[in-house]
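Worksheet for the structure shown next.
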Amino acid sequence: MAKEFMDLAFEQAEIAFEKGEIPVGAVLVSPDGKVVVAAHNETEQDDDATAHAEILCLRRGGQILGSPRLADHDMYVTLEPCAMCAAAISFARIRRLYFAAYDEKMGGVDHGARFFAQPTCHHAPEIYGGIQEQRGKGLMQRFFEGRR
């Protein structure tokens, strides 16, 4: 099952890539294993610095489910979430976070702010990083090589 959800996140990341967005995709999965929503970065499209794939999943998922708290839901992301997204994941009470590539520059989970390790963090999900890591790294490298 996890591969299916990460594959869907990568499909979203490829859509972002084609649109000229940083290629990150995310999928929100319900406790019974159904996809609630999938999203990709839309920061350029929306002129919105907060329109990261994770944030869009949480916003849209909350609207669909009628609650800002998504306890027992899981999230799959193609790149380690930044500190902003990690905070939003915490506030939404996500149960498990799965991500592909680590982000040494902007990551906020295993790098940088390490949001979930902070004493002020009220909720930390179970974290599983490095799933299909090379695929995630390769997508980011391909995107940024095309920009240089």
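Counting begins at 1 with the first residue of the sequence.
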> Going through the distances and angles, do H40 and V24 end up as a side-chain contact (heavy atoms from CB on, under 4.5 Å)?
Replying inline: CA-CA 6 Å; H40 58 272; V24 177; over 6 Å; no

> After noting the C-alpha distance and the side-chain angles of I22 and T43, does the key distance pass the side-chain contact (heavy atoms from CB on, under 4.5 Å) rule?
Replying inline: CA-CA 9 Å; I22 294 175; T43 56; over 6 Å; no

> Could you walk me through whether E80 and K137 pass the salt bridge (Lys or Arg N to Asp or Glu O under 4.0 Å) check?
Replying inline: CA-CA 11 Å; E80 176 183 349; K137 271 176 96 170; over 6 Å; no

> What's the verdict on side-chain contact (heavy atoms from CB on, under 4.5 Å) for I64 and V37, showing C-alpha distance, side-chain angles and the deciding distance?
Replying inline: CA-CA 9 Å; I64 289 166; V37 67; 4.2 Å; yes

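One finds the OH atom of Y76 at 10.0 Å from the CG atom of L97 (value rounded to the nearest 0.5 Å). Put simply, CD on E42 and OG1 on T50 are 11.0 Å apart, with the number rounded to the nearest 0.5 Å. Within the model, atoms CE of M6 and CZ of F99 stand 9.0 Å from one another, a figure rounded to the nearest 0.5 Å. Atom CD1 of I55 sits about 7.0 Å away from atom SG of C82, to the nearest 0.5 Å. A distance of 15.5 Å separates CZ in F10 from CZ in F5, rounded to the nearest 0.5 Å.
The two residues G108 and A86 make their nearest non-hydrogen contact at O-CB, 4.1 Å. The two residues G136 and A100 make their nearest non-hydrogen contact at CA-CB, 4.5 Å. The two residues A51 and L56 have their closest heavy-atom pair at O-CD1, 3.8 Å. Contact between V77 and A26 at its shortest, heavy atoms only, is CG2-CB, 4.1 Å. Residues F143 and P23 approach most closely at CG-CD, 3.4 Å, considering heavy atoms. Here the closest heavy-atom approach between residue A13 and residue G25 is recorded as CB-N, 3.6 Å.
The local environment of CE in M106 is sparse, with at most 12 non-hydrogen atoms from other residues, nucleotides or ligands closer than 6.0 Å.
Counting heavy atoms from C-beta on, the side chains of H73 and V29 never come closer than 4.5 Å. Within the 4.5 Å cutoff, side-chain heavy atoms of D7 are placed close to those of Q132. When side chains are defined from C-beta on, T78 does not count as touching E14, because their heavy atoms never get closer than 4.5 Å. D103 is not listed as a side-chain neighbour of H111, based on a closest heavy-atom distance of 4.5 Å or more. By the 4.5 Å heavy-atom criterion applied to side chains, F115 and I89 are not counted as neighbours. Contact check for L79 versus M140: side-chain heavy atoms found under the 4.5 Å cut-off. Using a 4.5 Å cut-off on side-chain heavy atoms (C-beta onward), E54 and M75 make contact. You'll find the side chain of Y102 stays beyond 4.5 Å of the side chain of V109, heavy atoms only.
With hydrogens and angles ignored, the 3.5 Å screen pairs no side-chain donor or acceptor of Q12 with any backbone N or O of V27. With hydrogens and angles ignored, the 3.5 Å screen pairs no side-chain donor or acceptor of D46 with any backbone N or O of D48. Using modelled atom types, one side-chain atom of H123 and one backbone atom of I94 make a donor-acceptor pair closer than 3.5 Å. R93 places a side-chain N or O within 3.5 Å of a backbone atom of F91 that can act as its donor or acceptor partner. Panel note: side chain N41, backbone A16; no donor-acceptor pair is recorded below 3.5 Å.
Note on R96 versus D72: no salt bridge recorded, every NZ/NE/NH1/NH2 to OD/OE distance being 4.0 Å or above. Under the 4.0 Å criterion applied to side-chain N and carboxylate O atoms, E4 and K34 are not assigned as salt-bridge partners. Between R114 and D110 there is no salt bridge, since no side-chain nitrogen of the basic residue lies less than 4.0 Å from a carboxylate oxygen of the acidic one.
Under the 4.5 Å side-chain heavy-atom criterion for grouping Ile, Leu, Val, Met, Phe, Trp and Tyr, V35 is not connected to I15 through any hydrophobic cluster. One hydrophobic cluster holds both L70 and I127 under the rule that ILVMFWY side chains link at heavy-atom gaps under 4.5 Å.
Under the salt bridge (Lys or Arg N to Asp or Glu O under 4.0 Å) criterion, R95 pairs with D74, not counting sequence neighbours.
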